[in-house]
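Given the structure is predicted, the values throughout are model-derived calculations rather than measurements. The chains referred to below are lettered A, B, ... by the order of the sequence lines, with proteins before strands, and numbering in each begins at 1. Scope of the values below: all heavy atoms of this structure, side chains included, with no hydrogens, waters or symmetry mates.
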Amino acid sequence: MHELPAGFRYLPEYLDRLAQEAMVDEIRAVVAAAPLFVPRMPKTGKPMSVRMTNCGTLGWVTDQDRGYRYQELHPVTGLPWPPIPPVLLRLWQEVSGYPQPPEACLVNFYEGEAKMGLHQDRDERTFEAPVVSVSLGDQCLFRIGGTAHGAPTRSFRLSSGDVVVLGGESRLSFHGVDRVYPGTSTLLRNGGRINLTLRRVTP
DNA sequence: AAGTATCC
DNA sequence: GCCA
């Protein structure tokens with residue numbers, strides 16, 4: 001049984017059903033303005049299995065030519081990202097302990113066999129602020145390790161309404177999603193899982 | 001290690 | 001089904 005990295009906070013059932021439904025409505029509006037796109041791996045161009053979009057002044061994107069980065073414009077529409085909904089700014093204020101607001105909210109949509117390989121969130125220009133993650137919809141198997149390659153990992157299920165904070169020592173921990181469990185939530189009519197990650201990019 | 005394949 |  002390995003230790004969880006210091007600064008990792010798991011807040012189960014942080015959002016009640018009504019709050020989750022309100023958040024899904026906000027995300028629907030974000031997706032209407034900034035359509036989901038398929039991110040591609042740097043150099044190889046292999047598609048990731050999730051679809052994604054963003055809200056905020058900066059959004060995380062990746063493609064074959066330019067790789068992982070934050071940018072102000074949607075890669076397909078060329079428009080600025082829609083603003084982060086106030087309810088998410090309030091959540092950040094409640095749990096982040098960071099004085100300034102988040103600049104990016106990455107929206108990852110998992111359906112079917114979608115997963116996310118173990119990785120570090122390290123494209124930001126500051127690691128002082130934590131990463132705040134919200135789970136909506138079907139449960140998933142989440143895995144978190146240490147900051148070093150090859151460090152032991154722990155796995156547990158995340159459910160709709162759970163909030164996870166990666167701060168302190170855990171800010172640069174490797175983490176990922178090994179699988180989604182279909183039919184484990186009624187929040188999204190067509191099933192699947194939405195993960196929102198709020199981030200500060202600049203100091 | 002933001003990927004996939006393979007093994008137990 | 002989950003880990004490495």
Side-chain angles (χ1 to χ4, degrees), chain A residues 1-5 8 10 27 30-31 34-56 58-71 74-76 81 102-127 129-159 164-167 169-185 191-201:
Chain A
M1 195 58 104
H2 319 113
E3 297 293 324
L4 285 167
F8 176 83
Y10 171 45
I27 297 309
V30 166
V31 170
L36 294 165
F37 59 92
V38 177
R40 289 182 175 273
M41 299 294 289
K43 296 185 270 283
T44 66
K46 279 189 183 298
M48 293 173 59
S49 55
V50 298
R51 289 187 295 155
M52 65 176 52
T53 188
N54 293 267
C55 49
L58 291 169
W60 189 88
V61 300
T62 174
D63 56 32
Q64 180 166 13
D65 293 341
R66 298 180 60 198
Y68 307 154
R69 64 195 187 276
Y70 283 93
Q71 64 180 39
H74 190 288
V76 177
W81 307 103
E103 293 163 298
C105 176
L106 176 59
V107 179
N108 281 327
F109 181 50
Y110 297 75
E111 52 187 344
E113 302 294 296
K115 53 180 104 40
M116 181 79 72
L118 226 43
H119 68 281
Q120 292 173 301
D121 290 9
R122 53 179 301 173
D123 302 313
E124 300 72 34
R125 290 205 276 137
T126 178
F127 303 131
V131 171
V132 175
S133 159
V134 182
S135 293
L136 296 168
D138 283 337
Q139 295 175 357
C140 76
L141 186 67
F142 178 78
R143 190 147 63 106
I144 182 163
T147 54
H149 235 228
T153 61
R154 288 185 56 168
S155 298
F156 54 97
R157 273 194 193 218
L158 292 181
S159 296
V164 164
V165 182
L166 292 169
E169 297 296 302
S170 74
R171 174 62 181 76
L172 289 169
S173 292
F174 282 93
H175 60 282
V177 171
D178 284 332
R179 64 158 300 179
V180 171
Y181 301 97
T184 51
S185 167
R193 171 176 187 263
I194 294 170
N195 182 250
L196 311 174
T197 49
L198 297 161
R199 302 177 180 141
R200 185 77 199 177
V201 180

Query - Pair Trp60(A)-Asn54(A), side-chain hydrogen bond (donor to acceptor under 3.5 Å, both in side chains): steps then yes or no - result: CA-CA 7 Å; Trp60(A) 189 88; Asn54(A) 293 267; over 6 Å; no

Query raised in the report: What interatomic distance, in whole Å, is found between C1' of dA5(B) and the corresponding atom of dA1(B)?
Result: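 It works out to 14 Å between them.
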
At under 4.0 Å between heavy atoms, what does [X] touch on the DNA or RNA strands: base, sugar-phosphate, or nothing?
X: Met116(A); value: base
X: Arg143(A); value: base
X: Thr44(A); value: nothing
X: Thr62(A); value: nothing
X: Gly150(A); value: base
X: Asp123(A); value: base

Closest approach to the side chain of [X], judged atom by atom: which nucleotide of [options] is it?
X: Thr153(A); options: dA2(B), dT4(B), dA4(C); answer: dA4(C)
X: Met48(A); options: dG3(B), dG1(C), dC3(C); answer: dG3(B)
X: Ser155(A); options: dC3(C), dC2(C), dA1(B); answer: dC3(C)
X: Trp60(A); options: dA2(B), dG1(C), dA4(C); answer: dA2(B)
X: Arg199(A); options: dT4(B), dA2(B), dA4(C); answer: dA2(B)
X: Phe174(A); options: dC2(C), dA2(B), dA1(B); answer: dA1(B)
X: Asp178(A); options: dA2(B), dC3(C), dT4(B); answer: dC3(C)
X: Leu141(A); options: dC3(C), dA4(C), dA2(B); answer: dC3(C)

Query raised in the report: OP1 or OP2 of dC2(C) less than 4.0 angstrom from a side-chain nitrogen or oxygen of Tyr181(A), does that happen here?
Result: yes

**Report entry** Phe156(A) and Phe142(A) aromatic ring geometry - parallel, tilted or perpendicular at 30°/60° bounds
**Finding:**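 Geometry flag for Phe156(A) against Phe142(A): perpendicular rings.
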
Requested in this report: Could you tell me how the ring of His74(A) sits relative to the ring of Phe37(A): parallel (under 30°), tilted (30 to 60°) or perpendicular (over 60°)?
Outcome: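 The rings of His74(A) and Phe37(A) stand perpendicular, inter-plane angle above 60°.
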
Given atom [atom1] of [X] and atom [atom2] of [N], what is their separation to the nearest angstrom?
X: Met41(A); N: dA2(B); atom1: CE; atom2: P; result: 5 Å
X: Gln120(A); N: dA1(B); atom1: CD; atom2: C1'; result: 9 Å
X: Lys115(A); N: dC3(C); atom1: NZ; atom2: P; result: 14 Å

Requested in this report: Please determine if Arg193(A) forms a cation-pi arrangement with Tyr110(A), meaning its NZ or CZ atom is less than 6.0 Å from the six-membered ring centre and no more than 45° off the ring axis.
Outcome: yes

Query raised in the report: Between His119(A) and dA1(B), do the rings stack, that is, sit under 5.5 Å apart with planes less than 30° off each other?
Result: no

Report summary line: Checking N1-N3 plus N6-O4 or O6-N4 for Watson-Crick, or N1-O2 and O6-N3 for wobble, each under 3.5 Å, the partner of dC8(B) is dG1(C)

**Report entry** Chi angles and distances behind the side-chain hydrogen bond (donor to acceptor under 3.5 Å, both in side chains) call for Arg122(A), Tyr68(A)
**Finding:** CA-CA 10 Å; Arg122(A) 53 179 301 173; Tyr68(A) 307 154; over 6 Å; no

